[in-house]
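Report on one structure; see the data block that follows.
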Amino acid sequence: MTTASTTITIQNRLGMHARPAMLFAEVAGKYTAEITVGHAEADPVDAKSIMQLMMLAATQGTDLVITADGEDANEAIDDLTTLVRDCFNE
Amino acid sequence: MKLMDIVVKDAIIPELQSTNRDGAIAELVDSLVAANCVTEDQRDDFVKAIIRRENKGSTGFGHGVAVPHVKHIDITTMHIAVGNSPDGIDFKSLDGDHVYSIILLLSPEDQPENHLDAMEAIFSSLSQDTFRRFLRQAKSPEDVLTLLCETDNAVR
C-alpha cells in the first residue's frame with residue numbers, strides 16, 4: 001500500500017467552484033486509491049465526491065492538502081496536482 | 001454563511017409547475033422577480049445565463065438535487081430560490097436520476113469568496129440524507145423555512 005500526499009495552492013480567481021470541483025472529482029475517480037482533500041479550516045473530505053468538495057469553500061490562495069492511499073496513490077497525486085496547478089483548465 | 005440570510009422567503013415553490021429543466025429554472029427566476037429581487041429587465045438575461053451554465057455541465061450532482069447558478073455582473077446581492085418537483089425533472093444529472101429539489105443561486109460576479117461560502121452552506125445541507133428527504137417532502141414555504149432554520153442552527 002502506498003500513501004502519497006502533497007500541498008498545493010489554489011491559484012484561479014474563482015477558487016474551487018462547481019466546475020473545478022466536478023473536474024477534480026472526475027480525475028480522482030479514475031484512481032482506485034482512497035483520496036481525501038482538506039485545508040487548514042476544513043476537515044478532509046472525499047476527493048471523489050463533488051458535494052463534499054464544495055463543502056471546502058476553497059478560495060483563491062487556499063492551501064489544499066491532498067492525500068492518497070492505495071496502489072496508484074502517486075499517480076493520483078501527480079494528476080490532481082497538475083489539475084490544480086493548471087487552474088482547472090479555466 | 002447562513003442559508004436563511006440568502007434564501008428569499010417569497011421565492012420558495014413547493015410544487016413547481018414546470019416538468020422540464022429550463023422551465024423550472026425560468027419559474028424560479030420568475031419567483032425572484034415577483035419577490036422584487038430581480039427586475040423584469042434582468043429576467044431573460046439571468047434565465048439564459050443559468051441555462052448556458054447548465055449546458056456546460058449539469059449541476060445535478062446526484063441524489064435528486066440540483067444547484068443551478070450564475071455569477072452575473074448585474075447581480076448585487078446573493079439570492080436563493082428553492083423549488084420542489086413532485087414528479088421529478090430530467091436535469092441530465094451525473095447519476096442519471098431525476099431531480100426533485102432545486103436550489104437556484106444568483107451571485108454577484110465580483111464576489112467569488114461569497115459564492116463559495118454560499119455553496120458551502122448549500123452543500124453542507126444537501127450532503128445530508130435527512131436534509132434532502134425533508135426538503136423533498138416539504139409541502140409549503142413554511143416547511144422549507146423551518147428546515148433551513150434548523151439546519152442553520154445545527155452545529156456543522
Side-chain angles (χ1 to χ4, degrees), chain A residues 7-32 34-66 79-80 82-90, chain B residues 1-3 49-50 52-73 78 91-95 97 99 101 103-129 131-132 135 151 154-156:
Chain A
T7 302
I8 182 154
T9 310
I10 297 218
Q11 289 169 27
N12 55 316
R13 182 178 76 88
L14 301 177
M16 196 195 270
H17 58 105
R19 261 174 301 141
M22 255 174 88
L23 277 177
F24 198 92
E26 203 176 289
V27 171
K30 290 195 284 189
Y31 297 92
T32 56
E34 273 184 35
I35 309 170
T36 62
V37 51
H39 58 78
E41 288 165 40
D43 290 335
V45 300
D46 180 357
K48 298 177 188 183
S49 159
I50 299 167
M51 284 206 187
Q52 291 192 28
L53 289 173
M54 293 305 295
M55 287 160 62
L56 292 175
T59 53
Q60 183 181 35
T62 301
D63 289 327
L64 288 184
V65 180
I66 312 171
D79 216 355
L80 290 168
T82 306
L83 182 66
V84 178
R85 200 181 48 217
D86 293 349
C87 296
F88 305 99
N89 311 321
E90 290 201 319
Chain B
M1 188 175 290
K2 293 196 181 295
L3 288 171
I50 295 167
R52 210 181 306 130
R53 162 66 187 85
E54 206 62 36
N55 286 337
K56 283 188 195 167
S58 175
T59 63
F61 297 129
H63 300 289
V65 296
V67 186
H69 59 269
V70 68
K71 299 187 197 95
H72 198 289
I73 196 157
M78 216 153 13
F91 239 82
K92 299 180 174 63
S93 293
L94 302 188
D95 62 0
D97 284 351
V99 160
S101 297
I103 296 185
L104 180 137
L105 170 68
L106 302 184
S107 287
E109 213 277 327
D110 58 351
Q111 297 176 17
E113 293 83 8
N114 285 340
H115 177 77
L116 290 178
D117 277 351
M119 285 299 221
E120 188 264 342
I122 293 168
F123 283 100
S124 296
S125 306
L126 286 182
S127 60
Q128 300 169 39
D129 292 343
F131 180 89
R132 291 196 304 270
L135 180 59
T151 307
V155 182
R156 287 212 288 262

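Chain A is the first sequence line, chain B the second, and so forth, proteins listed ahead of strands; every chain is numbered from 1.
- Interface residue A:Ala58: only backbone heavy atoms are found under 4.5 Å from chain B.
- Both the backbone and the side chain of A:Met54 have a heavy atom closer than 4.5 Å to some heavy atom of chain B.
- Using a 4.5 Å cut-off between heavy atoms, B:Val67 makes no contact with chain A at all.
- No donor-acceptor pair under 3.5 Å is formed between the side chain of A:Gln11 and the backbone N or O of A:Cys87.
- Between A:His17 and B:His69, the distance separating the two ring centers is not shorter than 6.0 angstrom.
- Looking at B:Thr59, there are no atoms closer than 4.5 Å to chain A (heavy atoms on both sides), in backbone or side chain.
- A salt bridge links A:Arg13 with B:Glu109; the closest basic N to acidic carboxylate O contact falls under 4.0 Å.
- Highest contact tally toward chain A, considering only B:Lys71, B:Gln111, B:Lys56, B:His63, is held by B:Lys71 [criterion: heavy-atom pairs under 4.5 Å].
- Between B:Phe123 and B:Phe61, the ring-plane angle classifies as tilted under the 30° and 60° cut-offs.
- With a 4.5 angstrom heavy-atom cutoff, B:Ile122 does not touch chain A via any of its atoms.
- Using modelled atom types, one side-chain atom of B:Arg132 and one backbone atom of B:Leu126 make a donor-acceptor pair closer than 3.5 Å.
- For A:Ile50, the part sitting under 4.5 Å from any heavy atom of chain B is the side chain, from C-beta outward, and nothing else.
- The nearest pair of heavy atoms linking A:Asp46 to A:Gln52 is N-OE1, 3.0 Å.
- When heavy atoms are compared at a cutoff of 4.5 Å, B:Ser58 approaches chain A solely by way of its backbone atoms N, CA, C and O.
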